[in-house]
Amino acid sequence: MMENEKDRHVLSVLVENEPGVLSRVVGLFSGRGYNIHSLNVAPALEEGTSHMTITTYGDMQILEQIMKQLHKIVSVIKVVEFSDIPSVEREMMFVKVQAEGAMRGEILRTVDIFRCKVIDVSPTEMTIEATGDHEKLEAIVGLLHRFGIKEIARTGSVVMRRSRRSE
């Protein structure tokens with residue numbers, strides 16, 4: 001079942017980098033029966049902090065409840081939900097596809113249209129690297145299915161507020 005895109009939420013959570021903070025954050029979601037679609041965690045700019053990007057699907061009522069609970073965790077510094085904030089979002093994906101004979105040229109044309117890279121080739125397969133927003137990666141997967149996808153690895157989203165533009 002494909003989740004409804006209007007119910008997609010991307011949260012940015014700045015936390016103190018200490019043992020157990022990830023399990024406490026994830027526990028809030030699972031404790032309320034709310035699924036995490038993707039989770040990306042990496043060091044933040046400030047020493048001793050980490051930045052979590054959490055993508056989830058669901059209604060605003062439960063999401064607001066989770067955000068209130070996140071603010072109560074001592075290790076959480078800041079929580080931002082990006083649905084109404086001008087932002088840039090990217091994700092990276094590797095897709096391994098069946099690539100034999102005439103299919104190779106068609107795959108290369110598809111890869112070129114989406115500005116992807118072929119990062120590994122064998123006589124029977126190609127591995128493609130794609131970077132973009134959620135919708136772009138879903139479109140790429142949709143087009144590559146006809147060739148026979150053998151494997152997919154995705155990073156999950158990272159998100160950042162857009163810079164203010166001078167008027």
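This is a predicted model, so every value here is computed, not measured. One-based numbering along the sequence shown. Just so you know, these numbers use all the heavy atoms, side chains as well, and skip hydrogens, waters and symmetry mates.
Inspection of the R24 and S75 side chains reveals an N or O donor paired with an N or O acceptor under 3.5 Å. Using a 3.5 Å distance cut-off with no hydrogens or angles, the side chains of E89 and S157 do pair a donor with an acceptor.
Counting all heavy atoms, side chain and backbone alike, G156 lies closest to N40 at O-ND2, 3.9 Å. Q98 and T124 get closest at one heavy-atom pair: NE2-O, 3.4 Å.
Within the 4.5 Å cutoff, side-chain heavy atoms of L70 are placed close to those of V25. In this structure the side chain of E125 reaches within 4.5 angstrom of the side chain of K150, judged on heavy atoms. Side-chain contact between L108 and V118: present, with at least one pair of heavy atoms (C-beta onward) separated by less than 4.5 Å.
In this structure, CG in D133 is found 6.0 Å from CZ in R90, a value given to the nearest 0.5 Å. One finds the NZ atom of K78 at 7.5 Å from the OG atom of S12 (value rounded to the nearest 0.5 Å). With rounding to the nearest 0.5 angstrom, the CZ atom of R115 is 12.5 Å from the OG1 atom of T131. Between I107 atom CD1 and E100 atom CD the span is 9.5 Å, to the nearest 0.5 Å. Atom-to-atom distance recorded for M67:CE and K72:NZ is 13.5 Å, nearest 0.5 angstrom. Here the CD1-CG distance, from I62 to D59, works out to 4.5 Å after rounding to the nearest 0.5 Å.
With H9 contributing its side chain and G58 its backbone, the two residues share a donor-acceptor pair below 3.5 Å. Panel note: side chain K136, backbone F114; a donor-acceptor pair is recorded below 3.5 Å. Here the side chain of T127 pairs no donor or acceptor atom with the backbone of I119 at under 3.5 angstrom. Under a 3.5 Å cut-off, the side chain of T110 and the backbone N or O of E106 do form a donor-acceptor pair.
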Quiz item: Taking it one step at a time, do T53 and H51 satisfy side chain to side chain contact (heavy atoms under 4.5 Å, CB included)?
Solution: CA-CA 7 Å; T53 305; H51 182 253; 3.3 Å; yes
Quiz item: How far apart are the C-alpha atoms of Y57 and H37, what are their side-chain angles, what is the distance that settles it, and do they pass the ring-ring contact (aromatic ring centres under 6.0 Å, His included) test?
Solution: CA-CA 7 Å; Y57 290 85; H37 187 259; 5.1 Å; yes
Exercise. Apply the test side chain to side chain contact (heavy atoms under 4.5 Å, CB included) to residues V15 and M52: give CA-CA distance (whole Å), side-chain angles for both, the deciding distance (0.1 Å), then the verdict.
Key: CA-CA 8 Å; V15 298; M52 296 181 184; 4.0 Å; yes
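Counting heavy atoms of neighbouring residues, nucleotides and ligands inside a 6.0 Å radius, atom CZ of R146 exceeds 12 of them.
Salt-bridge check for R154 with E138: passed, with a basic side-chain N closer than 4.0 Å to an acidic carboxylate O.
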